[in-house]
Q: 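Okay, handing you the structure first.
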There are 2 protein chains.
Amino acid sequence: MSDVYAARRARLRDRYAAGGSAAALVSRPANVRYLAAVAPPGAVLLLGPDADADTLLCPRTAADGVEGRAGEGVRVSVLPTDTGDPAVAAAGLLVPSAAVSLAVEEHHLTVARHRAIGSVAPGLRLMDLAGAVEQQRIVKDDEEIGCLRIAAEIADQALGELLESILVGRTERHLALELERRLIDHGADGPAFPTTVATGPHAGRVAHRPSDRRVEEGDFLFVGLGAEYRGYRCLIGRTFVIGTSPADWQIDLYELVFAAQRAGREGLLPGVPCRAVDRATRQPLVSAGYGDGLAPRTGHGVGLEIDEDPQLAPTAMGKLEACVPVTVGPGVHLPGRGGVRIDDTLVVRPEADGGPELLTITTKELLAL
Amino acid sequence: MSDVYAARRARLRDRYAAGGSAAALVSRPANVRYLAAVAPPGAVLLLGPDADADTLLCPRTAADGVEGRAGEGVRVSVLPTDTGDPAVAAAGLLVPSAAVSLAVEEHHLTVARHRAIGSVAPGLRLMDLAGAVEQQRIVKDDEEIGCLRIAAEIADQALGELLESILVGRTERHLALELERRLIDHGADGPAFPTTVATGPHAGRVAHRPSDRRVEEGDFLFVGLGAEYRGYRCLIGRTFVIGTSPADWQIDLYELVFAAQRAGREGLLPGVPCRAVDRATRQPLVSAGYGDGLAPRTGHGVGLEIDEDPQLAPTAMGKLEACVPVTVGPGVHLPGRGGVRIDDTLVVRPEADGGPELLTITTKELLAL
């Protein structure tokens, strides 16, 4: 298992060496974890010109037990004092070496930290590692997909239990907290992101924060949640109707969003352009006259972060590859009335392997609860 | 109430104008909220040379209801497209104006964003606003302290209820989740930070993440929690003993930490150097032989963030001022056995006003539960 991390670092080393950098400094936490197996708060990973220089620099307050959990071949260096920036200390390590250039994550480092790195090692040319690690993270290995599969199973279980309980009269906040408790009951390390519960007029809104509104008869109820399992994060979103008989407009809207979501899911095959999946998902909603209020994306990658590349959006570049987990989650929100979102996590697979693998398997029939 | 925000912006304007900047771009979310009353995800605040140019630039996806909640005199500008960085758009707004320099938050902006701002407005000289807003936030007004007082009351209530329930056999994770539910029950907008519950050998560790360990007879039990109320965050930490009769070493350690914490609290008066408060708190623990494992700080400011200036640490500069809320929370951890932390939120007040105001009032007697 730990060889996986060494192989990832070797691949990255080839990349930045080809770009003319002798060493790289990885500071974004999910990237550190991807390459070193652990990412204690504030720690950074220095990759040397040779593998035996790879060092995880760790604040003293976060050093507990890191030594035993870091990937094989990663040296752990705990900062000797309680203050100081591990990124600056990393640059200091390079001063006596022959390295003349260091690639840093300019999309993560602040201007102030970048300058501090420059001052401690004035002879070092700072280059941009850009999104090299993020790009490497897009295609997942079997172990990673295994973690996502378990994360999805946990989310399905938590959601399934909630549906068996009485919902009318309970607030969005309480339902969200109960879901998070159930995620942990079923073995999640935590929620993958803040759980969303949106009732009545709130249902269908993007990124709604749970409020004190209570579930009422006749409401649409949207629930969006995910589990984190060994660092990997999935996402599921479902919309239900409260009460025995959904109104006609609710059934119609649900069927429309469901058809859009299915169209997107069916496009998740290697070689398909990301924007084509977005278009397939978006088109039914646009044709029905809901084009204006649509979210900028209809899906995105997941993994060590809940929002990764690829992006499923009209201006997205690139094509899908096998073993890339993505979400497909279109939605329509009608101001004052509420709306419908349906969100799944799937893995891109070739037709020969049965096509897209659905990880979140809770039913997408319209349930009246 | 909204005049408060205009006054804060005016004060900041004087500051950066004196530093030679015509305009300032505030990107750190707590700073945006402090100056504009709201901080939608991704939004930035552009302060012009004149007050009537103050503009909150907001991503389209986060624009819901912002117009009505922004501070008086803040123009809200929603980005016309779904992509793009509000900070870059802000710099674009300055291009046709006479502004030649813009102060930005170099400790918050990434190198990549800083460069993008530079490219859209090449004639603009980018300067550093540094921690000007953070510094302005240190001394709180009555309204802010009122919010902290309510936040502390909520945390006290949640903790009090937990103490009435059965604890033995329950896991750290579940106790933490139950506390967070109770915070919300009592009116918190959410937890101020991830709730900590540490049992047995975990008790007393800094920043322990709740695990599946269950509470056992004879354990030390540490609970650290806080409420967020209207954006303001407080903190309380208490250590208990599980079972009817604490061991002698537990009583001794508790009394030691309690004495240290009291010494720190008593020092919270205007004009006292921050490092003197830290020294008063630290000294009893060092004298008892626990100097090596102590945390780098014994307390810090709180407010819109749970960790603000001032710092109570050996190398901290500056003196306390009236109306500054701080935490005082020393702790000792004995590897393998556990330990004690006691943490309060207080407001610095002059002797004439009765001295430091304790916000978190849960008892600090050693309770055997």
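Being a predicted model, the structure only gives us computed values, none of them experimental. Protein chains get the first letters and strands the later ones, always in sequence-line order, with residue 1 at the start of each.
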Q: How long is the span from the CG atom in Leu25(B) to the CE atom in Met127(B), to the nearest 0.5 Å?
A: 14.5 Å
Q: According to salt bridge (Lys or Arg N to Asp or Glu O under 4.0 Å), who are the partners of Asp278(B), at least two apart in sequence or on a separate chain?
A: Arg282(B)
Q: side-chain contact (heavy atoms from CB on, under 4.5 Å), that's the test. Do Leu162(A) and Leu167(A) meet it? Break it down for me.
A: CA-CA 8 Å; Leu162(A) 186 82; Leu167(A) 299 170; 4.1 Å; yes
Q: Could you tell me the separation between the OG1 atom of Thr199(A) and the CZ atom of Arg213(A), rounded to the nearest 0.5 Å?
A: 3.5 Å
Q: Strictly less than 4.5 Å between heavy atoms, which residues of residues 172-182 of chain A line up against chain B? Please order them by number.
A: Arg173(A), His174(A), Leu177(A), Glu180(A), Arg181(A)
Q: Among the options Val206(A), Thr110(A), Asp128(A), Thr315(A), pick out the one with the most heavy-atom pairs lying under 4.5 Å from chain B.
A: Thr110(A)
Q: For the CZ atom of Arg341(B) and the NE2 atom of His333(B), what is their distance to the nearest 0.5 Å?
A: 9.5 Å
Q: In chain order, what residues pass the ring-ring contact (aromatic ring centres under 6.0 Å, His included) check against His202(B), with sequence neighbours excluded?
A: His208(B)
Q: Using 0.5 Å steps for rounding, measure from the NE2 atom of His300(B) to the CD atom of Glu308(B).
A: 10.0 Å
Q: Looking at CG of Leu109(B) and CZ of Arg28(B), how far apart are the two atoms once the value is rounded to the nearest 0.5 Å?
A: 12.0 Å
Q: Side chain from CB out, backbone as N, CA, C, O: work out which of these in Arg297(A) comes under 4.5 Å of a heavy atom of chain B, or both, or neither.
A: neither
Q: What part of His107(A) lies closer than 4.5 angstrom to a heavy atom of chain B: side chain, backbone, both or neither?
A: both
Q: Answer yes or no: is there a donor N or O on one side and an acceptor on the other, between the side chain of Arg275(B) and the main chain of Ala316(B), under 3.5 Å?
A: yes
Q: Residues of residues 183-196 of chain B under 4.5 Å from chain A (heavy atom pairs)?
A: Ile184(B), Asp185(B), Ala188(B), Asp189(B)
Q: Going from OG1 on Thr327(A) to CG on Asp343(A), what distance comes out if it is rounded to the nearest 0.5 angstrom?
A: 5.0 Å
Q: Quick one about Gln135(B) and Asp309(B) (side-chain donor to acceptor, distance below 3.5 Å, no hydrogens or angles considered), yes or no?
A: no
Q: For the candidates Arg115(B), Arg209(B), Glu105(B), Arg113(B), which exhibits the highest count of non-hydrogen atom pairs separated by less than 4.5 Å from chain A?
A: Arg115(B)
